[in-house]
Each structure stands twice: as structure tokens, then as C-alpha cells.
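Heads up: the structure comes next, in C-alpha cells.
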Amino acid sequence: MKPAGSTDPLPAIIDKGGLQVLIDALIGGGFTVIAPRLTDGVIALDTITSVDHLPAGATDEQEAGYYRVHDGGGGRLFDYATTPQGWKRYLYPPEERLWQAKREGAGFAIVEERAPVPRYAFLGVRACDLRAIGILDAVFDHGRSAEPRYVARRDQALIIGVNCTRAGSTCFCTSMGTGPAVGTGADLVLTEFGDDAAPALLVEARSPAGRKVFARLGGRQAAAEDIEAADAAVAKAATMVTRHMATDAAAILKRNLEHREWAKVAQRCLGCANCTLVCPTCFCGSVEDTTDLTGATAARWRRWDSCFTSDFSYIHGGSIRRSGASRYRQWMTHKLSHWWQQFGSSGCVGCGRCITWCPVGIDITEQVRRIKDSEGGPH
Amino acid sequence: MAVTATLPETMVPRPYLVDRVTADVSDTFTLVLKPQYGTEQFAFRPGQFNMLYLYGVGEVPISISGDPNDPQRLVHTVRALGTVTAAMQKLKRGSVVGVRGPFGSSWPIDQAEGADIVIIAGGVGLAPLRPAIYAILARRERYGRFVILYGARSPKDILFSRQLERWRSRLDTFVDVTVDRATGAWHGNVGVVTGLIGHGGFDADHTVAMICGPELMIRYGVLTLIDRGVRTNNIYVSMERNMKCAVGFCGHCQWGGNFVCRDGPVFSFDQIADIFQVREL
């Protein structure tokens with residue numbers, strides 16, 4: 001588990017009390033701690049101040065178009081798959097004022113927003129979601145331009161990953177190469193293992209910032225058998241993954257922009273945009289100008305938008321993508337195929353949220369398979 | 001210490017004063033802008049666009065239609081089609097417009113040196129091509145034959161008609177104009193602009209074509225040029241999509257794997273040949 005030659009300290013073992021020490025250290029260090037928390041019947045992300053805010057004993061059941069939380073009764077803090085939304089909203093808020101303008105004579109004067117950038121510690125970032133953050137980094141901070149607010153939030157964020165020890169039924173991280181073990185980019189990584197009533201947490205430090213917090217954790221040094229048990233728990237999660245994305249999805253979609261399956265899936269798709277809103281990498285946003293009633297101040301807002309709305313592609317004379325089929329095709333081909341051209345990777349991390357939260361249970365892995373299996377057929 | 005983030009210049013409009021408004025044809029007008037503060041020169045490449053902002057109304061992408069060798073005057077030609085452009089039509093000298101830009105790719109003015117040039121424009125599509133025409137005429141000796149083909153709906157819709165006449169009077173430039181519907185005094189061509197391709201002649205092996213207009217016109221223009229032996233990597237088109245942020249973040253202008261605001265609006269046809277014919281992409 002520990003890469004050879006690294007300067008990282010040996011992993012430590014902590015319990016629930018040790019995790020509280022970690023949370024306190026983060027809050028003391030000026031971080032707002034965001035973590036999974038039972039809210040309105042779902043395990044959502046929220047601000048926490050205590051280890052008791054974590055959903056102890058909770059498990060989730062996810063299927064296409066289905067999500068339920070169950071009380072497993074044990075003491076595990078991370079015994080569930082993905083939260084309904086990822087961490088995107090903290091780095092790229094759903095609604096954000098970019099600037100204000102004041103009327104000034106015949107013209108206007110821009111008033112830039114000077115709100116301080118929040119300093120987040122993300123506690124419980126799964127492997128797929130960490131990869132999603134890496135993908136958003138490429139979207140908002142690349143050679144040609146950088147979105148300074150995203151970059152500032154990202155630079156300040158501390159990431160505490162959690163290796164998955166259970167896979168949900170909509171998960172397909174293994175075929176996307178993104179999980180269940182947390183990859184690069186985390187400052188600390190936790191693995192929960194052992195006794196169900198009082199599980200242990202193996203903690204690894206993986207960055208200078210992570211090592212700084214790690215030094216204050218206490219706990220005991222992990223023994224070889226702890227590391228083995230933690231590794232086994234993560235390996236088991238990989239075997240629990242039942243859904244798989246075709247490895248050549250990008251090429252399949254690229255050569256099937258015109259395929260009868262697009263019209264077929266459009267008969268089921270409600271165009272509700274849920275998939276784009278729960279997707280941890282969907283980044284499209286609208287840019288909207290508003291004015292107050294007196295006309296004295298105007299503002300520019302950026303809001304999450306979705307390629308499933310009909311006015312998304314509007315130019316004078318009408319929308320480019322008038323049919324549901326073309327809008328579904330846009331979402332799926334962008335995510336799995338055109339993303340490669342834009343950012344050098346897939347836009348999909350295999351988190352399965354778009355499957356779980358689709359009200360009619362459309363399964364992106366199944367859609368790719370349907371196209372693949374009927375290639376070259378009548379259109 | 002609290003960290004704050006400052007937006008880059010590309011995301012915040014800079015105030016410009018309207019210096020002159022000219023009514024061109026029925027719904028089309030030209031704005032000449034100069035900076036409200038300072039004397040900044042506006043450098044751009046032919047084919048690029050700006051985001052023009054009207055306080056309290058909104059923002060729209062508009063191609064720059066002025067002369068790249070005259071950076072003192074920032075010129076846009078606008079067709080009043082929506083809320084923002086209709087409000088812009090009412091602007092007067094001294095009105096203030098916000099400007100972000102310039103954005104996007106440009107016509108291949110330098111790469112095309114030595115080649116015959118064929119410019120094909122439809123309607124207000126002549127506006128984004130005018131900077132290219134200025135640039136080519138400014139060093140006319142570096143190019144082979146220079147052909148400008150233009151189509152408008154009717155004689156009264158011919159944009160920049162006096163300039164077209166002036167260019168036509170040059171002995172080193174071939175200009176031909178057609179209209180969809182002729183009226184009384186019109187004795188020129190009638191029909192689609194792609195029907196003019198071939199007029200003025202060009203050496204297909206050594207020709208660079210630049211096309212802007214309605215997408216259907218672009219399609220037939222490209223097909224005709226390919227038929228006549230022009231290479232697809234020498235055919236350039238300017239595309240229009242929903243540009244909102246103009247810096248490749250908002251995703252609205254995506255076309256296949258391209259962000260039209262950033263990778264376009266000018267594409268060589270070989271870049272987009274595989275997606276050009278796909279409807280509703």
C-alpha cells in the first residue's frame with residue numbers, strides 16, 4: 001500500500017476518537033470540514049464538526065433509479081457507496097456571482113467580488129470522486145486559461161480520501177480504472193477495516209500537507225497484518241463491482257454519432273438533467289446577467305446548466321439540438337468520447353450516480369453496450 | 001490571511017464608448033467603439049470575435065468587422081435579432097458598451113500567402129470576413145488571384161455595398177455579387193452565392209477559401225469547392241454556436257469535441273469534416 005522510496009511515514013491506526021482528533025486539528029487549522037452526513041434520508045455532503053456527524057452504521061442500496069439508506073447497526077463510518085452529489089459544488093458552486101456593475105452616468109463601473117475563498121477539508125473522498133476532482137482541474141485550469149476562483153478553492157483544499165471497502169450496485173470504477181483504491185491527489189487516505197462494531201481506520205499520509213496533520217494524530221503505528229487486512233477489504237470491494245463500461249467506449253461512440261439507439265433512448269429519457277447535476281465532472285454553466293428593479297446595479301451570475309435543456313444550444317433562429325435524442329447524444333458522447341479530444345481523458349469516473357439518480361433508470365454502461373452490439377445495423 | 005481570487009480580464013467587460021453608429025442594411029448596423037478610459041489599441045486577428053455587453057440588458061458574441069491595421073477603431077457589424085442586439089441598434093454616439101475579447105481562432109491570412117484566395121460570404125457573414133479582406137488588400141502583392149463572392153437576400157440587403165463596388169473597381173480583385181430575389185433595377189446575378197464559385201477563376205491546387213454565412217450555404221460552398229479540387233485543409237469556415245463565457249468554461253458552444261469559442265469560430269474543413277454533416281450535433 002505504501003509506495004517504495006516515498007518519504008511518507010508508516011501508516012497509523014486510529015479509532016473513532018482519533019478521527020475526532022483529526023477533525024479538531026483541521027478546524028483548528030482554519031478548515032471548514034465537509035464530510036458525508038445523514039440528511040433528509042440520504043447520505044449527503046455537509047459541514048461537520050464532530051465525528052458523531054458521520055453516518056455511523058449507515059449503508060446505502062443503489063440501483064438504476066433507486067436509492068435507499070439502511071441502518072446497518074454497526075459502527076462503520078464509511079460503509080456506503082457514493083453520496084448523491086460529489087465534491088464539485090464546493091469547488092465550483094451551483095450559483096455564483098462573478099461581478100456586479102453600478103450604473104455610472106451613461107456607463108457602468110465594475111465592482112469585483114472580493115469574498116474570501118473558503119478553505120475546505122474534504123473528509124471521505126472516494127477514489128472515483130478524487131479522479132473527478134482531477135478531471136475538473138483539467139477543465140478549469142489548463143494551458144490556455146484558468147478559472148481563478150476554482151483554482152484558489154482547489155489550492156486551499158485538503159483532501160482526505162477513503163478507500164472503498166464496499167461497492168454499490170451502480171458502481172463501475174474498476175472498468176474506468178479509477179477505484180476502489182484512492183489514487184494520486186489525496187493528502188491523507190483512510191481505510192476502514194476490522195470489527196464491525198468498532199472498526200479501525202488505517203491512515204496514510206500522502207503529501208506534505210497530509211504529513212503535517214498526520215503528525216498530530218497519535219494512534220499507533222500500523223502492523224503488517226493491519227495493512228494486509230485493510231488491503232484485503234479494498235480488494236474485496238473491487239470484486240463486488242458488477243457493472244462495467246466497454247473499454248473502447250470513446251471509439252464506439254465516435255463512430256456512431258448517427259445510430260438508431262439515440263432515438264430509442266430518447267423515448268425513455270425525460271430530459272430532466274438529473275444525470276448532469278449528479279455527475280461529478282459535468283461542468284457546463286450558464287452566464288446570466290441580472291439587474292435590480294431600479295437599474296442602479298447589475299450583476300453577472302454563473303449557474304450550473306445542463307445540455308439537456310432545450311435552450312442550452314440556442315442561437316438566433318432556434319436551438320441546435322432540438323430533439324431529445326440529440327441532447328442525450330451530446331451528454332453521452334461528450335462524457336465518454338469528445339472529452340478525450342478536449343482534456344485528454346474520459347469525462348466519466350464510473351461513480352454510477354447518473355444510473356442511480358436517473359428517474360427512469362437509464363444505465364450509461366448499458367447504452368454503450370447497446371450501441372456496440374448493434375453497430376452497422378439499420379439506422 | 002484570507003485568500004481572494006481576481007477574475008482575469010477575459011471575464012470582465014471593459015467600458016467602450018460608441019463613437020459612431022451606421023445603419024447598413026435594414027436590420028444591420030455598424031458600431032465604431034473607442035475605449036472610455038485611456039487610449040488602448042485593440043489588437044485582433046481577422047475572424048476573431050468580442051463579447052459585447054449592454055448594461056442591464058445582456059451580452060452577445062459579435063465578430064469584429066473592422067480593419068486589423070487600424071487598431072484605434074474597434075468596429076462591429078451587428079444584425080438586430082434578439083433582445084441585446086435590438087437594444088444595441090438604439091445606441092448613439094457616447095453610449096457605453098462593455099467589451100471582452102478578442103476571442104477565438106482567425107482566418108489564415110499569413111498561411112495563405114502565395115495562394116489564390118476565394119472569399120465566399122452570405123448576408124451578414126461578410127462582416128467577419130471584412131477584416132480578412134482588409135488584411136489581404138493591405139499586402140495584395142503577396143497573394144495570387146483574389147476573388148470575393150457575395151450573396152444577399154435582395155439588392156437592398158447587400159452589406160457594405162459601396163466597399164464592394166470599390167473593391168470591384170480594383171484591377172487586382174474580382175468581386176461578384178448575387179441576390180436571392182431581384183427587384184426592379186437589379187441587373188446582376190440572381191441565385192445562390194455558391195452558384196458563383198468558379199467566377200473569377202482560381203487554381204484549385206493553390207487556393208485558400210474562406211467561407212462565412214448560413215450553415216446551409218457553408219455546406220454547399222464546401223461541397224462545390226471540393227468538387228472543383230480545393231483541398232479540405234485549404235477550406236476555412238466560420239461557425240456560429242451559443243457562446244456565453246467565450247473562454248471555454250461554460251460548455252454552451254460545444255460542437256463535437258470543439259469549443260467553438262476557443263477552437264473556432266474559424267475552422268479548417270479537415271478539422272471538422274467528420275462532424276460537419278451530423279445534424280443537431
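Note that this is a predicted model, so its numbers are computed, not measured. Just so we're on the same page: letters track the sequence lines, and every chain starts at 1.
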Below 3.5 Å, can you tabulate the donor-acceptor pairs from side chains in residues 273-281 of chain B to any protein atom, sequence neighbours excluded?
| from | atom 1 | to | atom 2 | distance (Å) |
| --- | --- | --- | --- | --- |
| B:E280 | OE1 | A:R322 | N | 2.7 |
| B:E280 | OE1 | A:S323 | N | 2.7 |
| B:E280 | OE1 | A:S323 | OG | 3.1 |
| B:E280 | OE1 | A:S326 | OG | 3.1 |
| B:E280 | OE2 | A:S323 | OG | 3.2 |

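Between B:L7 and A:R149, the closest side-chain pair of non-hydrogen atoms falls below 4.5 Å. For the pair B:N258/A:Q342, no side-chain contact is recorded, criterion being any heavy-atom separation below 4.5 Å from C-beta on. Using a 4.5 Å cut-off on side-chain heavy atoms (C-beta onward), A:P116 and B:V3 make no contact.
Put simply, the residue from A:R114, A:E112, A:E113 that forms a side-chain hydrogen bond (donor to acceptor under 3.5 Å, both in side chains) with B:T4 is A:R114.
For the options B:C253, B:C250, B:G251, B:G98, heavy-atom pairs under 4.5 Å to chain A are most numerous at B:C250. With chain A as partner, the option from B:K244, B:M11, B:R262 having the largest number of non-hydrogen pairs under 4.5 angstrom is B:R262.
There is no contact between B:Y16 and chain A, counting heavy-atom distances below 4.5 Å. At a 4.5 Å heavy-atom cutoff, B:P61 makes no contact with chain A through either its backbone or its side chain. Contacts between A:R321 and chain B at a heavy-atom distance below 4.5 Å involve backbone atoms as well as side-chain atoms. For chain B, no part of A:Y150 is nearby; none of its heavy atoms comes within less than 4.5 Å. Proximity to chain B is absent for every atom of A:A299, based on heavy atoms less than 4.5 angstrom apart.
Ring centers of A:W99 and B:Y53: under 6.0 Å apart, within the cut-off.
Between the side chain of B:Y55 and the backbone N or O of A:T297, at least one donor-acceptor pair lies under 3.5 Å. Judged purely by atom type and a 3.5 angstrom limit, A:H316 has no side-chain atom pairing as donor or acceptor with the backbone of B:L81. The closest donor-acceptor contact from the side chain of B:N242 to the backbone of A:Y314 lies under 3.5 Å.
Ring-plane geometry between A:F312 and B:H252 is classed as parallel, the angle between the planes falling under 30 degrees on a 0 to 90 degree scale with a further cut at 60.
Side-chain contact annotation: A:H338 with B:Q254, donor-acceptor N/O pair under 3.5 Å absent.
The list of side chain to side chain donor-acceptor pair (under 3.5 Å) pairs with a residue in residues 78-93 of chain B, not counting sequence neighbours, reads B:D19-B:R93, B:D27-B:R79.
When the shell of 6.0 Å around CZ of B:R20 is examined, it contains 12 or fewer heavy atoms from other residues, nucleotides or ligands.
Cation-pi geometry between A:R302 and B:F249 is not satisfied (NZ or CZ under 6.0 Å from the ring centre, within 45° of the ring normal).
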